[in-house]
Enquirer: 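After the structure tokens below, expect a handful of questions from me.
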Amino acid sequence: MGTHAELGFDGRNPAPTNPPVMEQPDAYASAALSLADTDVHPVPNQGTTAGARKRKAPATANAARKPLKRQVEEPIQMPVYYGHRGQFLRVDGSDLVDDCPDLYAENKCAHIVGELPLQPQSMSLVDLQLWIIKLFRLHPETQDLEIKGFHKQHKNDFFDEESSEPECPLDYCPWDRHQFYSDKCWSTFASKLKRKRNVKQRFMLYVQSSEIKHYDILLKAVSDDYSQLVTVVLPGTDSLRSCLFGSRNLMEDLTMNAKEIVDYLTAHDEQHLSPAEVWRARQMAMERNYGTFYDSHNFAPRLLKEIARKNPGGYVDIKDVEVPGCKDFRVLQRMFWAFGQCLQAFRTCRPVLCIKGTPLSGKYQGMLLTAVALDANDLSIPVACAIVEGETKESWLWFLMNLERAVVHQSDVCLIHDYKSEVIDAMKDLLNSPQRQWRKAESRWCMEDLAENFFAYFGDKELVMMFKKLCQQKRRHKFGKIWKDLDELTSKYMAGKEHSASGEIQKESVEHDVAELEAQSPCNQPHSVEDVKEGDHSDANNRKIMKFSEWIQLKPREKWSLAYDRNGARYGIIGSDTADVYKNDFVLKGITCLPLSAIVEVTFLRLVKYFENASAAANKEIGNPSINFPELVQVDMNSKMQKAEMHELMYMYAADKNVLGGDEDRKYTVKGRKREVTVHLKSEYTFSLNKSKRSKIRKTSTCSCNKPQLLHKPCSHVIAVCCEIGVKTATYMSPYYSLPYLVCTWRQKFNKFSRDYRNIIPRYFRDITPFESETPTWIPDKRLECGIPVCLLSDSIQTSLAEEEQQCRTED
């Protein structure tokens, strides 16, 4: 099928070469027979000259005419282009397709060749919109369509009809634009679709949808109480038409809110705009760059599969449900992806994944779930991402099962996650499942998230800082001392709080505040673990929790404390590095406000640049002879070397050898500033039955200070022993902290296709594939539509919401 609607110059039904011969009357027939029998030529009629045109005999009533053939109207094939990134008024025909006579012509925009009705000029503009909605499977309630037509023609010379290249002159003709503002505009354009003799014509339509003008869904966020009292103030369209500022300033930092953008524009461009106008302008900028939120649900799965095809080794899983009665439409529920380069990079990182989740802030509700790894320099790597409908046990379990299928690591994997009942229950089901693929996995809690629960109950920042110090403590004797101090301080704080709340006059208000506080406390929230199983903030005798020990007693120490981390599964990672990953991470920051396809596109493009920069930095470090470890590890080792100079090696015991296994254990006593510690240097030999393979030696170190066991790298005491006996410190360090592993982490290359990948994405991915008839169309769940943000409400609404939020904080 051709790219354009081409109308030939022979008409809709070409006329036959020899016109039909009409039947002669009977009198003329008999005369013709008589003349045929003689050799005399017929004499012209009187009153006429020779060579004059003969008049036809009048038709008699009995003469039968041969009926003419009715011309059958053929349907018109019209190419329709949809969703080009650019301002609608400035889009030209050449922006949609390259007109070239050779084979290198390419479409720059997604298009479908549709079949118009037989009488297109009789269609109204609404009929045309419905035809396009059906053609592209759009949602009629949320699509504000703008349509324009393009037309070009070339009149051929009558004698050039048999030219071998009749299309060449038309390729270089300019496109005429027709804006459809009314039914008359469309009917005028449709009347040109008639075929003309000796005229070569091409027609096409361009459609662009927008969600900025659609107000109905935005009003959902305004509560009934407020909407009845005041009028909702929505921004005008003046700033959208005038384009006072470009989209570049609005898209530089996706983490900026409306008020921050206003301050930025005021300081840099001296433009004074309201937060509502800025928000609308930013939404329009996102539409120009990434399309609408509705279309992104259909485009994102196809984009993921195409990227996975171009970059092997990745993993993609799509979960959808069929729309009842519409087999061609499916509701997109969940989407999981892990790029092959990130999965390969994780194999040379510490076997720890930090699981985080954050809500989406776009038009549709949902959760963005991520699994983040850290390299030797604590640079984050988003190993896997997923979009789910909400934070439930089922959605978390689906994410974890896909993560288990995608991630392969040579060591046991430790998963650090938030202290929430949904993810904890899902983690239990995963670890207890007989079909699990990881041979062994550990579950740990994020310190930052648990500290938020601590603050929600005790409400004192100084106590929270002491609790974090307790979580990070590595030595158990110091751990016990901090625990004791925290018990005393929390008891005093709660006693003072109870005493200040006592009194007959304030008795009723206190009971109300306590009930509200307990209702808002994480222990009574459906997303918190602190429910009846965890004590419900009371002990077996239903007494009020008055100190830290009572609050923490049902929480296993190995889940939240570094000192009791079994087998050092955390590698020293407590979760603080990834607590603000959606705000500070180069790849993930600010993406929650984008459409689904934009989230995939932006993360992929950022990863390409991220890996290039990190790889260049790693190669620079390994080429420096003065650096033995990655930069962050080198700083830590230099600090420990200075401390090791103050230690003294007291005793060196005889080496214990295992004759059968070949293992060797050397024990040393090192005197520090305050106490003596015992250091063990172990050498484990692994023999192979294959004679061609040599035996492997694995050297490990342990210390009574507990740091080598937890961090998998030597402490200052081990360094002092290594310096004394002449052994390299790197011998007893995990390979995940080495420079070769760091280089291997970032050496993965992405397939950026050809030329500039950012410009290629619309051409390669926004072509006909999002609207193929062979595959279903993915649509969003209408129940997940969000409402208008607070910045678009009137001043009275914003003031009421601010007062309510401040009152809640005061009560807490």
Side-chain angles (χ1 to χ4, degrees), residues 5 76-93 95-97 107-117 120-151 175 177-190 193 203-218 234 237 240-241 280 283-299 326 328-329 362-364 595 597-598 762 766-768 770-771 777-780 782 785:
I76 301 175
Q77 304 291 332
M78 175 70 69
V80 185
Y81 291 81
Y82 177 79
H84 178 74
R85 296 180 181 179
Q87 191 173 356
F88 179 76
L89 297 178
R90 297 181 180 179
V91 175
D92 196 8
D95 298 328
L96 306 178
V97 64
N107 298 303
K108 299 179 181 180
C109 186
H111 74 285
I112 294 179
V113 179
E115 187 176 289
L116 283 170
Q121 61 271 15
S122 63
M123 297 172 59
S124 65
L125 188 58
V126 175
D127 296 333
L128 179 63
Q129 292 177 352
L130 294 177
W131 178 74
I132 292 174
I133 287 174
K134 183 179 179 180
L135 184 66
F136 285 93
R137 303 177 184 177
L138 304 179
H139 199 291
E141 296 184 7
T142 58
Q143 300 294 324
D144 295 316
L145 300 181
E146 293 180 295
I147 311 173
K148 65 166 54 174
F150 294 96
H151 164 243
W175 290 97
R177 289 184 290 183
H178 300 266
Q179 194 82 22
F180 302 151
Y181 297 107
S182 61
D183 295 341
K184 184 178 180 181
C185 297
W186 160 248
S187 61
T188 303
F189 178 81
L193 299 177
F203 297 87
M204 62 181 179
L205 298 178
Y206 171 66
V207 184
Q208 186 167 296
S209 63
S210 175
E211 296 171 337
I212 303 300
K213 299 179 181 179
H214 200 75
Y215 291 143
D216 295 343
I217 190 59
L218 298 179
L234 293 175
T237 58
L240 303 181
R241 294 188 187 134
R280 291 285 304 285
Q283 293 299 113
M284 173 165 283
M286 285 197 298
E287 276 194 358
R288 291 178 183 176
N289 284 275
Y290 307 115
T292 62
F293 283 88
Y294 179 87
D295 294 336
S296 67
H297 284 72
N298 186 37
F299 176 54
C326 302
D328 294 333
F329 289 84
K363 182 179 179 180
Y364 296 94
S597 58
R766 294 183 180 273
D767 206 346
I768 189 65
F771 310 101
T777 299
W778 283 286
I779 62 175
K782 190 174 178 60
E785 287 180 334

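Just so it is clear, the values below take in all heavy atoms, side chains as well, and ignore hydrogens, waters and symmetry mates.
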Enquirer: Quick one: closest heavy-atom pair of F293 and G362, and the distance?
Expert: CE2-CA, 3.7 Å
Enquirer: Can you measure from CG (L135) to CG (L128) and round to the nearest 0.5 angstrom?
Expert: 10.5 Å
Enquirer: Not counting sequence neighbours, which residues clear side chain to side chain contact (heavy atoms under 4.5 Å, CB included) with D92? List them please.
Expert: S94, D95, F150, W175, R177
Enquirer: Tell me, do F180 and L205 make a side-chain contact under 4.5 Å, heavy atoms counted?
Expert: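 Answer yes - side chains close enough.
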Enquirer: Please round to the nearest 0.5 Å and tell me the distance separating atom OG1 of T292 and atom CE of M286.
Expert: 11.5 Å
Enquirer: Determine whether the aromatic ring centres of residues F203 and F189 are separated by less than 6.0 angstrom.
Expert: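 Ring centres of F203 and F189 closer than 6.0 Å.
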Enquirer: Please list, chain by chain and in numerical order, all residues satisfying side-chain hydrogen bond (donor to acceptor under 3.5 Å, both in side chains) with S124, sequence neighbours excluded.
Expert: D127
Enquirer: Nearest 0.5 Å please: distance from the CG atom of L145 over to the CD1 atom of I133.
Expert: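 Those atoms lie 5.0 Å apart.
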Enquirer: How close do L193 and I76 get, counting heavy atoms only, and between which atoms?
Expert: CB-CD1, 3.7 Å
Enquirer: Does the side chain of V207 come within less than 4.5 Å of E146's, by heavy atoms?
Expert: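 No. Closest side-chain heavy atoms not under 4.5 Å.
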Enquirer: Assess, by modelled atom type and distance only, whether the side chains of S209 and Y82 contain a donor and an acceptor separated by less than 3.5 Å.
Expert: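 Distance-only check passes for S209 and Y82.
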Enquirer: Can you name the side chain to side chain contact (heavy atoms under 4.5 Å, CB included) partners of Q179, sequence neighbours left out?
Expert: F88, L89, K148, Y181
Enquirer: Please answer whether the main-chain N or O of D295 pairs with a side-chain N or O of W778 as donor and acceptor at a distance below 3.5 Å.
Expert: no
Enquirer: Do M123 and W186 have side chains that approach each other closer than 4.5 Å (heavy atoms only, starting at C-beta)?
Expert: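 Yes; the side chains approach each other to less than 4.5 Å.
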Enquirer: With a 4.5 Å cut-off on side-chain heavy atoms, are H297 and Y364 touching?
Expert: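 In contact.
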Enquirer: Testing the basics here: between G291 and P595, what is the closest heavy-atom pair and its distance to 0.1 Å?
Expert: O-CG, 4.0 Å
Enquirer: Indicate yes or no: at least one non-hydrogen side-chain atom of N298 is less than 4.5 angstrom from one of I779.
Expert: no
Enquirer: Answer whether the closest heavy-atom distance between the side chains of M78 and V113 falls below 4.5 Å.
Expert: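 Not in contact.
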Enquirer: Output the distance between atom OH (Y290) and atom OG (S597), rounded to the nearest 0.5 Å.
Expert: 10.0 Å
Enquirer: Given the rule in the side-chain contact (heavy atoms from CB on, under 4.5 Å) test, do H178 and T188 qualify, once you have shown the distances and angles that lead to the verdict?
Expert: CA-CA 9 Å; H178 300 266; T188 303; 5.9 Å; no
Enquirer: Between W131 and V80, is a side-chain contact (heavy atoms from CB on, under 4.5 Å) present by the stated rule, with each step listed?
Expert: CA-CA 11 Å; W131 178 74; V80 185; 3.8 Å; yes
Enquirer: Taking the side chain as every heavy atom from C-beta outward, state whether P780 and Y294 have any pair of such atoms under 4.5 Å apart.
Expert: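 Yes - at least one pair of side-chain heavy atoms lies under 4.5 Å apart.
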